[in-house]
Amino acid sequence: MLRSHTCGELTKDHAGQSVSACGWVDSYRDHGSLLFIDLRDRYGKIQIVFDPSESLEAHALAGSLRNEDVIQAEGLLKLRAPDLINPKIASGEIEIRAVKLTLLNKSKTPPFEPTGENIPNEDLRLKYRYVDLRRPALQEALILRHKLCKATRDYFDKLNFLEIETPMLGKSTPEGARDYLVPSRVHPGSFYALPQSPQLYKQLLMVGGLDRYYQIARCFRDEDLRADRQPEFTQIDVEMSFVDQEDILTTIDGLLACMVKEIRGTELKLPLPRLTHREAVERFGNDKPDMRFGMELVDIGDIASRCGFGVFTKTIEGGGRVRGLNAKGAAEKYSRRNIDELTVFVGEYGAKGLAFFRVKEGALDSPIAKFFSEEDQRAIIAKLGGEDGDLLFFVADKCDVTSAALASLRIRLGKELKLYDPLDLNVLWVLEFPLYSRDEENDRWKAEHHPFCYPHIDDLGLFDTDPGAMRAQSYDLVCNGYEAASGSVRIHDPKVQQKVFDFIGIAEEEAEERFGFLLNALRYGAPPHAGIALGLDRWVMMFLANDNIRDVIAFPKTQKAGDQMTEAPSAVDAIQLRDLHIKLDLPESED
RNA sequence: GGCCCUGUAGCUCAAUUGGUUAGAGCGCCGGACUGUCGAUCCGGAGGUUGCGGGUUCAAGUCCCGUCGGGGUCGCCA
């Protein structure tokens, strides 16, 4: 071993010991004769003192050191004199008096200082990710990520779950997200697909009798990226046999309590609260409400229908809705100009306008207040719990538009008005998602979640009468406004599965071609089973109160799904293409 | 595919809103210094303002195109 201790583990208890430490030069302070190096590793920092009277050779070499050089320093660990203690760092009371210095590797001048004050452009950080990874914030994220995985494995192990790997090379099922394809050399013209999730394999494991499965599984989706979406991401994938929905919820409640205990050291109150999908959309505008703060959506359709404001009355007459929310105490915080910005903002979600009222002396103050009687003004204020100084917003449109616009407005206002502590974790279940929705473009029904989801037991009769009203035995775990897990009770009856395929327009032949292996498996003794998958990356983000998924993945991709460091994806040479029997047919470029 | 933001020294930023030779801090190079810890002090190097075109007496600044990065809508069964 080149080191006797890590930089971070040395304390004053080691005083008097001869130690050897390795790491990166974090900074140097050269006083001509006396010279100080702060040595850094992932455990911490320690000051090394080079005194020519103790080692002329080590001191001379130390003079040539620069940031990010990799060194080994040997010497006596000493307590600092009381007046030399640096209270700013953990090891501020001790230092190593170097008698020997070895330059393990000289570094070029780094493109940026990983522990400097200014965090450089992400672009540059991604190109030199190996330098960026020395940043404590990034290391903290990866350490936390490890702890979550460890807690997960310990938890499931105690409950008799098996961690089982499923194939990366699978069959393409061109429904849902686009697949990443991998050409087969031995089967010219055929392709594997990288898994969007281990969904079908884990169901097959249940048929195989491995009745409690989990996997920390990499998943791939060739779709556009977002701040919280990468083309490859990790989910904690779970499936259980001989269980119902309640068993999954309870099991995952327990997992989360374990995670919170491990990371935060606090007790998560169980059971986690539950909301139906219908209630979530009505109260918060979407199926993943951030409930760290209130500001719930309120319907004022009754007042809107009788007021003198044409936009409102016509919306109600046309079957739309008028809903709003109350930004408490925000009347003075948002100028007309700010509100104009918010109007543009809700426009991105389809809203054609944003009505606003300031509550002033018990009445509404707004350019459109004149269209409302005094009585109706008071009614609106009462409905939204308004008080003087509040700012009320309303959107009048089709129901879906009011939901989308107000949900986004609510999130934005919550953030801008600092209505919550970013480190809070607010976790809840959203239940009873709709099973099917109309695909108007193709004039057919489609599965909301996926076609393997079991209908709510009370709704099985609705296939022929009102399929849009059918509820799924599905559940999402929502945390701070993110979909943090999603799952369902699966169909284990091949007849029900075939009925679902029929219903969403997948003909029997096509179903056999695409999902034959699953249908077949269901015919050979499939137990009732259910499962769920948690987005690991998102959980790391939430524990850190970080809103960028790239900060919790060691080697993430850019928005165009590229890797700035390796420059993947890249062209391949003609021989590789020939072996795969692939000819390129690229769009013409002008140059 | 749409909309929005962004690109100035190795890095983080500035440049009086179109006007002199594009500045500062950190980093880098050289020098001084025996208790610093964001060391200090002295000196120095470093720029095709992403790239290409255009408008103008004059462009880092305005316009068009293009490339990179980011956010978002669509998309993500």
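First the proteins, then the strands, lettered A, B, ... as listed; each starts at 1.
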Student: Base of U17(B) relative to its sugar, syn (within 90° of 0) or anti?
Tutor: syn
Student: Report which part of the nucleic acid R66(A) touches: base, sugar-phosphate, or nothing (heavy-atom distance under 4.0 Å, all strands).
Tutor: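 R66(A): backbone/sugar contact only, no base atoms under 4.0 Å.
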Student: Once each nucleotide of nucleotides 31-36 of chain B is scored for protein heavy atoms under 4.0 Å, what B/S/- sequence comes out, 5' to 3'?
Tutor: --BBBB
Student: Using the C1' atom as the point on both nucleotides, what is the distance between U16(B) and A22(B), in whole Å?
Tutor: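 Rounded to whole Å, the distance is 14 Å.
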Student: If you restrict it to nitrogen or oxygen atoms, what contacts under 3.5 Å exist between nucleotides 6-10 of chain B and the protein, and what is each distance?
Tutor:
unit_1: G10(B); atom_1: O2'; unit_2: P111(A); atom_2: O; d: 2.8

Student: Can you see whether S403(A) engages R323(A) through a side-chain donor-acceptor pair at a distance of less than 3.5 angstrom?
Tutor: yes
Student: In a table with atom names and distances, give each donor-acceptor pair under 3.5 Å that connects a side chain of residues 74-84 of chain A to protein atoms at least two apart or in another chain.
Tutor:
unit_1: R80(A); atom_1: NE; unit_2: G92(A); atom_2: O; d: 3.2
unit_1: R80(A); atom_1: NE; unit_2: I94(A); atom_2: O; d: 3.0
unit_1: R80(A); atom_1: NH1; unit_2: L84(A); atom_2: O; d: 3.1

Student: Searching all strands shown, indicate the nucleotide that pairs with C3(B) (Watson-Crick or G-U wobble; both distances under 3.5 Å).
Tutor: G71(B)
Student: In terms of the angle between their ring planes, are W429(A) and Y475(A) parallel, tilted or perpendicular, with boundaries placed at 30° and 60°?
Tutor: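 Because their plane-to-plane angle is over 60°, the rings of W429(A) and Y475(A) count as perpendicular.
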Student: Base, sugar-phosphate, or nothing for Y128(A), non-hydrogen atoms under 4.0 angstrom?
Tutor: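 No contact at all - Y128(A) keeps every heavy atom at 4.0 Å or more from the nucleic acid.
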Student: Using 30° and 60° as the class boundaries, would you call the ring planes of H277(A) and F433(A) parallel, tilted or perpendicular?
Tutor: tilted
Student: Going by the side chain to side chain contact (heavy atoms under 4.5 Å, CB included) test, name the single residue among V131(A), L133(A), L138(A) that passes it with R135(A).
Tutor: L138(A)
